[in-house]
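Note that the structure is predicted; figures quoted are calculated from it, not measured.
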Amino acid sequence: MTEFTPLMSLVGGTLIGLSAVLLMAFNGRIAGMTGILTGLLPPVSTDWPWRAAFIAGAIAAPMLVSSLSSQTIGFDSSVANPWLAVSGLIVGVGVYFGSGCTSGHGVCGMARLSPRSIAATAVFMTTTAATVFVSRHVLGGL
């Protein structure tokens, strides 16, 4: 069970939104994490410096919060590591065929009222709900 953390969630959501707005304002780019990360993989994009800075900030920020406060960012999963790896692979395939992820479509696309992003996010959320239902209630909590 996860803890109820409304203040940390509000701060985190605000920072995600702020980073998306600032990236659009200063670079004219959408803050889709998958697209940003893809530009760092071979063949490396010519605009790799801002991409590397964005990803470094996304990694460093939680570490900074943990070191400057009493907040810890824990991860606890009852699922075995091989299943987590398979899950990550499935998500990666879905992101590829969905032409983006929940950060690009869900945060930025829906904020722009993009019909394509609204539809993609609805599909993401429906698939997530179905996956959780099947894994918990049909497969017995696999």
Distance in Å, T127 OG1 paired with I90 CD1, rounded so as to fall on 0.5 Å steps = 12.0 Å
Return each pair, listed once, that meets side chain to side chain donor-acceptor pair (under 3.5 Å) where at least one residue sits in residues 25-45; pairs must be two or more places apart or across chains.
-> R29-D47, S45-D47
Name all pairs fulfilling the side chain to side chain donor-acceptor pair (under 3.5 Å) condition that reach into residues 57-66, sequence neighbours left out, sorted by first residue then second.
-> none
May I ask you to test the V65-M8 pair for a side-chain heavy-atom distance under 4.5 Å?
-> yes
Do any pairs count as a salt bridge (Lys or Arg N to Asp or Glu O under 4.0 Å) and have a residue in residues 30-46, sequence neighbours left out, and if so which ones?
-> none
What closest approach, in Å, do S99 and H105 show between heavy atoms, and which atom pair accounts for it?
-> O-NE2, 3.2 Å
Could you note down all residue pairs passing salt bridge (Lys or Arg N to Asp or Glu O under 4.0 Å) where residues 89-113 supplies at least one of them, sequence neighbours left out?
-> none
Enumerate the residue pairs fulfilling salt bridge (Lys or Arg N to Asp or Glu O under 4.0 Å) with a member in residues 18-28, sequence neighbours excluded, ordered by first and then second residue.
-> none
Straight-line distance of L41 CG to R51 CZ, nearest 0.5 Å | 10.0 Å
Heavy-atom nearest pair, A20 first then C108, reads CB-SG, 3.8 Å
Would you give the length of the straight line joining atom CG of L64 to atom OG of S67, rounded to the nearest 0.5 angstrom?
-> 5.0 Å
Does the side chain of V134 reach to within under 4.5 Å of the side chain of L139, using non-hydrogen atoms?
-> yes
L18, F26: one ILVMFWY side-chain cluster at the under-4.5 Å cut-off?
-> yes
Apart from V44 itself, residues in the same hydrophobic cluster as defined by side-chain heavy atoms under 4.5 Å | L23, M33, I36, L37, L40, W48, W50, F54, I55, I59, M63
Any donor-acceptor pair under 3.5 Å from S135 side chain to T131 backbone = yes
Minimum heavy-atom separation for I16 to S19, with atom names?
-> O-OG, 2.8 Å
Does N81 reach the side chain of L84, with side-chain heavy atoms less than 4.5 Å apart?
-> yes
